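Quick notes on the structure that follows.
All values derive from a computational prediction rather than experimental measurement. Hydrogens, waters and symmetry mates play no part in the numbers below; they use all other heavy atoms, side chains included.
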Amino acid sequence: FILSGMTMYFWLKSFLKKEAALLGSVLYLFAPYRFVDLYVRGAIGEHVAFIFPPLICYFFYQLAKTRRMMYVLWAGLAIGGLIISHDALSIMFLPFITLYGLYLAWCNFQKIRLLLEVALSILLGFVLSAFFWIPAFFEGKYTLRDIVSSKDFSSSLFPISRFFFSPWNFGISGQFSLQLGFIHWIFVAAAIFALLFYHKRLKAMQMMLLCLTLFFFLASLVVMLPISQVIWEHISLIQKFQFPWRFLSLSVFCAAILAAVVTDFLPKRFAKGIIVVAFLSISITYPYWRVNGYLQKPDNYFSSTYPGTTDTGESSPIWSVRFMEQTLHAHLEYVTGAGAIHEIKRTMTKHSYQVTTDATSLLRENTLYFPGWIIKVDGVPVPIQFQDPNNRGLMIFSVSPGSHLVTAEFGETRLRETADILSLIGLLIVSFSFILIKVPLWKRFQ
């Protein structure tokens, strides 16, 4: 939370007045949705992701200003950080970041070179984060994600009034506060007013940044309104965001930038007033600085069948059930036959058992199958059945009479291994490039 405000301040301070940068960073931090993420949703991934969009823009700006190769590397690392922090937010922010890089290249006298350097940074970010996004993209089809969450948007499109005011609420999706922020709306209106009536007095940089940011702000607002229902119904990519109100992340980011640019346009005599506005914007959000309530569950809730870690079961494998239907009595059980089972060791990726049986038997490893699981009997892989209608998703296998060492191991698929290698190559490129630059670490942040 704190780092996101710092990165926003350092980026805006690079080309705006300090007072403007301060106000932008404050509005970036003290927006109601940021506290919804913190105290209602517990969305740690989104909190981390908020650090990176301004940081990437900062590195792009320094790259355009200094033409130093190290900023290509830093931008690539920051883009990789954004992607692995939150895949949905990275898809949301990358169009803005890319267009900002194109804008800087257009303004630079070495347009083609800077354009290639920006493209190289983006490519580097994707390579560094390949170990995460490639399996997420290509193996997501093995989960219930697209089936369960594809229609969640229909109940999460709200009238525009909800984004002007909605009370602080500790409820579920759609019940918590969706307001952008009173001060945020004032500066959005001021940005529109400045573009309409003072565009001749705006600098080219101010004009372009206002237009770019206002476009993304309006786009993020529109996709959260009922009029965008047809978009959500026919574009499968946008359905992966699951809930339209997620775009408040982009709205808050854009509103903070608009406020900073408008403030920079004001005469210096308004500097003290801007400090007051920043303090006011902090004070207004004071009621949000706490948890509004706690979910109280009776003891039998915790002793009953475990419901799972997601709201809708979207992470469950596609051949399994969405939620656990019954409490399991052991990690490994007989389906047919009988004998002794002794559990030797159990970690998240390896389960070891000593199994003794007098006849050929079917056993059930009570772990949901996903590509990468291998069951070995005495070190030899055996066929796995995971689509038995009576044991949906659980791994069933056969053992012959006798005493056997049975292991269930979760390893990398060929796809994941390839993605890991790509990320390793990217990391080596960055490491050796920093060595070749031969600049002390503390100077690289100047």
To the nearest 0.5 Å, what is the distance between [atom1] on [X] and [atom2] on [Y]?
| X | Y | atom1 | atom2 | value |
| --- | --- | --- | --- | --- |
| Phe126 | Ile122 | CZ | CD1 | 7.5 Å |
| Arg162 | Ser177 | CZ | OG | 7.5 Å |
| Tyr369 | Phe410 | OH | CZ | 9.0 Å |
| Trp185 | Leu258 | CH2 | CG | 11.0 Å |
| Asn391 | Ile396 | CG | CD1 | 4.0 Å |
| Ile375 | His351 | CD1 | NE2 | 10.0 Å |

Under 3.5 Å, is there a donor-acceptor pair between the side chain of [X] and the main chain of [Y]?
| X | Y | value |
| --- | --- | --- |
| Trp11 | Pro53 | no |
| Lys17 | Asp264 | yes |
| Glu412 | Gly372 | no |
| Thr143 | Ile318 | no |
| Thr413 | Pro371 | no |
| Thr213 | Leu210 | no |
| Ser320 | Ser316 | no |
| Ser423 | Phe131 | yes |
| Glu233 | Ile235 | no |
| Arg416 | Gly411 | yes |

Less than 4.5 Å apart, any side-chain heavy atom of [X] and any of [Y]?
| X | Y | answer |
| --- | --- | --- |
| Leu102 | Trp106 | no |
| Ser25 | Met6 | no |
| Leu104 | Tyr61 | yes |

Apply the test side-chain hydrogen bond (donor to acceptor under 3.5 Å, both in side chains) to residues Thr285 and Trp289: give CA-CA distance (whole Å), side-chain angles for both, the deciding distance (0.1 Å), then the verdict.
-> CA-CA 7 Å; Thr285 60; Trp289 299 2; 3.1 Å; yes
Please walk me through it: do Tyr286 and Ile282 pass side-chain contact (heavy atoms from CB on, under 4.5 Å)?
-> CA-CA 7 Å; Tyr286 175 73; Ile282 295 174; over 6 Å; no
Chi angles and distances behind the side-chain contact (heavy atoms from CB on, under 4.5 Å) call for Leu99, Phe216 = CA-CA 11 Å; Leu99 286 178; Phe216 276 92; 3.6 Å; yes
Determine whether the aromatic ring centres of Phe163 and Phe158 lie less than 6.0 Å apart.
->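 Not close enough - the centres of the two rings lie 6.0 Å or further apart.
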side-chain contact (heavy atoms from CB on, under 4.5 Å) between Phe52 and Ile97, worked out = CA-CA 10 Å; Phe52 294 105; Ile97 292 167; over 6 Å; no
Least distance between heavy atoms, Leu55 atom then Ala78 atom =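 So the two residues come closest at CD2-CB, 4.1 Å.
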Do NZ/NE/NH1/NH2 and the carboxylate oxygens of Arg322 and Glu314 come within less than 4.0 Å?
->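 Not counted as a salt bridge, because no side-chain N and carboxylate O are separated by less than 4.0 Å.
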Does atom CD1 of Ile112 have more than 12 heavy-atom neighbours from other groups under 6.0 Å away?
->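 Open: at most 12 neighbouring heavy atoms sit under 6.0 Å from CD1 of Ile112.
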Decide if atom NZ of Lys111 counts as having more than 12 heavy atoms of other residues, nucleotides or ligands within a radius under 6.0 Å.
->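 Yes, enclosed.
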Do the rings of [X] and [Y] sit parallel, tilted or perpendicular, given the 30° and 60° boundaries?
| X | Y | result |
| --- | --- | --- |
| Phe96 | Phe253 | perpendicular |
| Phe193 | Tyr198 | tilted |
| Phe1 | Phe35 | tilted |
| Phe93 | Phe50 | perpendicular |
| Trp319 | Phe370 | tilted |

Test: Arg246 cationic atom under 6.0 Å from Phe243 six-membered ring centre, within 45° of axis |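 So Arg246 doesn't make the cation-pi contact.
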Face-on cation placement of Arg290 at Tyr39 ring, 6.0 Å and 45° thresholds =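 No, Arg290 does not sit over the ring of Tyr39.
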Go through Trp74 and Phe434 one step at a time and tell me if the ring pair (Phe, Tyr, Trp, His ring centres under 6.0 Å) criterion holds.
-> CA-CA 10 Å; Trp74 284 121; Phe434 273 129; 4.9 Å; yes
Step by step, work out the side-chain contact (heavy atoms from CB on, under 4.5 Å) result for Ile274 and Leu266.
-> CA-CA 10 Å; Ile274 295 306; Leu266 298 175; 4.1 Å; yes
Do [X] and [Y] get their side chains close enough for a donor-acceptor pair, meaning under 3.5 Å?
| X | Y | value |
| --- | --- | --- |
| Ser4 | Arg34 | yes |
| Ser251 | Ser220 | yes |
| Gln242 | Ser156 | no |
| Arg392 | Gln387 | no |

Start with the C-alpha gap between Tyr100 and Phe60, add the side-chain angles, then the distance that decides, and say whether ring pair (Phe, Tyr, Trp, His ring centres under 6.0 Å) holds.
-> CA-CA 8 Å; Tyr100 179 70; Phe60 278 174; 7.1 Å; no
